[in-house]
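Atoms considered below: every heavy atom in the structure, side chains included; atoms not considered: hydrogens, waters and symmetry mates.
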Amino acid sequence: MAASQLKIASIKHRSAIQGLSRMPPATFNGERFVRGLFGLVAENWLGCIGALTRLPSHENWRWFDPKCDHADHNSSPEVTLERAIVRAARSQGREDWSNQVPIASGIIAGGGDRRRAIDLVHRRSLDAFDFVELKVGSDNALYAAVEILKYGFVWLLSREYRARLGYSDKLLVEASDVRLSVLAPHTYYSGLALDWFEAGLSQGVAALGAERQKVRLSFAFEAFPKSFVWPDTDLMAALSAIDDRTRV
């Protein structure tokens, strides 16, 4: 659906976002794009919860249970950076960063979706959070944006159906302000002009959040400082880099 709305073959190829960046579609409507994608996610997700015979995992939407270690076989730059950030934050006694927050355990019956988790979650204030899709050289900005949008939609639906799902005590679910973001090194966005896409998505999710749950929902492309290179840095530099992230 995302590809068809943008009139491209696939969102998975970097050439797609490069082409859109050079010549943004004149007819792109962020609100229509968001609502179309939300409709598909909602249809699939509601079908799954309609088939539930018991409550989903209580681990879904957990807050502050950071996972600091990674398996030897899973040493991708994204995983090691994600773990480094939460380790560094914990070493400083900070409780504003968590990671690998599951959103669909016990809801999706099969396939990879049952393991869906948000890479990083940042608590900005009492009831305001950032949901971060972390990228270090994998996929592309378009694909990453669609991924974090889907997670945001599942959050919105989880909030709407929180009583039915046993989520009413979940701090993340009860939040009233969520920013969805793609975060990557500056080089990830090299040569891309994404302001039109970011503005359209932010406008679209804002309208959807206000309509469905009267919450503030936004979207942003973000980058680490230009000097940041991973893995050629230490833990505290990684934490400083994420604290100093900026809009693209």
Side-chain angles (χ1 to χ4, degrees), residues 1-3 5-6 8 10-21 24 28 30-31 33-34 37-38 41 76-86 97-101 103 116-124 128-156 172 175 177-206 208-209 216-226 228-230 238-239 241-248:
M1 194 290 303
Q5 283 208 57
L6 293 168
I8 57 176
S10 173
I11 65 171
K12 293 185 177 181
H13 304 305
R14 183 169 175 80
S15 58
I17 190 62
Q18 289 172 332
L20 290 169
S21 177
F28 179 73
E31 190 166 339
F33 181 90
V34 165
L37 187 58
F38 175 78
V41 172
S76 73
E78 288 165 2
V79 171
T80 56
L81 176 55
E82 171 202 306
R83 301 304 201 269
I85 289 166
V86 294
W97 282 102
S98 197
N99 66 325
Q100 288 302 305
V101 177
I103 64 172
R116 287 293 174 95
I118 303 171
D119 293 338
L120 288 162
V121 175
H122 178 233
R123 188 175 189 178
R124 282 183 280 123
F129 293 85
D130 299 327
F131 295 172
V132 179
E133 179 77 0
L134 183 65
K135 291 297 175 184
V136 184
S138 67
D139 302 318
N140 65 78
L142 173 57
Y143 184 85
V146 170
E147 286 298 291
I148 197 63
L149 284 180
K150 290 178 180 178
Y151 294 172
F153 298 157
V154 172
W155 170 77
L156 203 58
L172 284 178
D177 182 345
V178 167
R179 178 167 58 209
L180 310 172
S181 71
V182 176
L183 175 62
H186 259 275
T187 52
Y188 189 76
Y189 303 105
S190 180
L192 300 179
L194 298 171
D195 53 336
W196 62 275
F197 193 49
E198 180 187 73
L201 295 186
S202 198
Q203 180 180 356
V205 297
L208 184 68
R216 183 177 180 183
L217 199 57
S218 59
F219 172 85
F221 286 113
E222 297 182 319
F224 291 106
K226 292 182 179 179
F228 178 74
V229 178
W230 184 259
L239 183 60
I242 203 167
D243 285 340
D244 293 337
R245 67 196 186 280
T246 58
R247 296 276 291 276
V248 173

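- Checked for salt-bridge contact, Lys150 and Glu133 miss the test: no charged N lies under 4.0 Å from a carboxylate O.
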- Item | Test log, rule side chain to side chain contact (heavy atoms under 4.5 Å, CB included), inputs Ile118 and Val132 | CA-CA 7 Å; Ile118 303 171; Val132 179; 5.7 Å; no

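- Taking the centre of each ring, Phe131 and Tyr151 stay at or above the 6.0 Å mark.
- For Asp243, the side-chain hydrogen bond (donor to acceptor under 3.5 Å, both in side chains) partners two or more places apart in sequence, or in a different chain, are Arg94.
- For Ser181, the side-chain hydrogen bond (donor to acceptor under 3.5 Å, both in side chains) partners two or more places apart in sequence, or in a different chain, are Glu222.
- Nearest heavy-atom pair across Tyr189 and Ala184 is OH-N, 3.9 Å.
- A distance of 9.5 Å separates OG in Ser218 from CD in Glu198, rounded to the nearest 0.5 Å.
- Of the possible polar contacts, one joining the Trp155 side chain to the Leu172 backbone as a donor-acceptor pair under 3.5 Å is found.
- Distance alone, capped at 3.5 Å, places no donor-acceptor pair between the Ser21 side chain and the Ile17 backbone.
- Here side chain to side chain donor-acceptor pair (under 3.5 Å) pairs that include residues 10-19, with residues two or more places apart or in two chains, number zero.
- Of all heavy-atom pairs spanning Leu180 and Gly152, the tightest one is CD2-CA, 3.7 Å.
- A salt bridge does not link Asp119 to Lys135: none of the charged nitrogens lies less than 4.0 Å from a carboxylate oxygen.
- Annotation: the span from Gln100 atom CD to Glu82 atom CD amounts to 4.5 Å, rounded to 0.5 Å.
- A salt bridge links Asp130 with Arg245: the closest approach of a Lys/Arg side-chain nitrogen to an acidic carboxylate oxygen falls below 4.0 angstrom.
- Ring-plane geometry between Phe28 and Phe33 is classed as tilted, the angle between the planes lying from 30 to 60 degrees on a 0 to 90 degree scale.
- The CD1 atom of Ile242 lies 5.0 Å from the CG atom of Leu120; values are rounded to the nearest 0.5 Å.
- Taking the six-membered ring where tryptophan is involved, the planes of Phe224 and Phe228 are tilted, since the angle between them lies from 30° to 60°.
- For Trp196 (side chain) and Pro24 (main-chain N/O), no donor-acceptor pair under 3.5 Å exists by modelled atom type.
- Taken to the nearest 0.5 Å, the CG atom of Leu37 stands 4.5 Å off from the CZ atom of Phe153.
- The shortest heavy-atom contact between Val146 and Ala2 is CG2-CB, 4.1 Å.
- Closest approach of Val86 and Ser98 over heavy atoms only: CG1-C, 4.0 Å.
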- Item | From CA spacing to verdict: side chain to side chain contact (heavy atoms under 4.5 Å, CB included), Ile11, Asn140 | CA-CA 8 Å; Ile11 65 171; Asn140 65 78; 5.8 Å; no

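- The side chain to side chain contact (heavy atoms under 4.5 Å, CB included) with Val41 is formed by just one residue from the set Leu156, Leu149, Val154; it is Val154.
- The minimum heavy-atom distance between Ala145 and Leu201, with the atom names listed, is CB-CD1, 4.2 Å.
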- Item | Pair Glu78-Arg83, salt bridge (Lys or Arg N to Asp or Glu O under 4.0 Å): steps then yes or no | CA-CA 9 Å; Glu78 288 165 2; Arg83 301 304 201 269; over 6 Å; no

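- Expressed to the nearest 0.5 Å, how far CG of Leu6 lies from CG of Leu142 amounts to 6.0 Å.
- Summarising the geometry of Ser138 relative to Tyr188, their closest heavy-atom pair is O-OH, 3.0 Å, with the distance given to 0.1 Å.
- Distance check, rounded to the nearest 0.5 Å: CZ of Phe221 to CG of Leu194 gives 5.0 Å.
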- Query: What's the verdict on side chain to side chain contact (heavy atoms under 4.5 Å, CB included) for Asn99 and Val121, showing C-alpha distance, side-chain angles and the deciding distance?
  - Reply: CA-CA 6 Å; Asn99 66 325; Val121 175; over 6 Å; no

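- Side chain of Ser76 to main chain of Val79: a donor-acceptor pair is present (N/O by atom type, distance under 3.5 Å, no hydrogens or angles).
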- Message: Could you walk me through whether Arg124 and Arg179 satisfy the side chain to side chain contact (heavy atoms under 4.5 Å, CB included) test, starting with their C-alpha distance in whole Å, then the side-chain angles of each, then the deciding distance to 0.1 Å, before giving a yes or no?
- Response: CA-CA 10 Å; Arg124 282 183 280 123; Arg179 178 167 58 209; 3.2 Å; yes

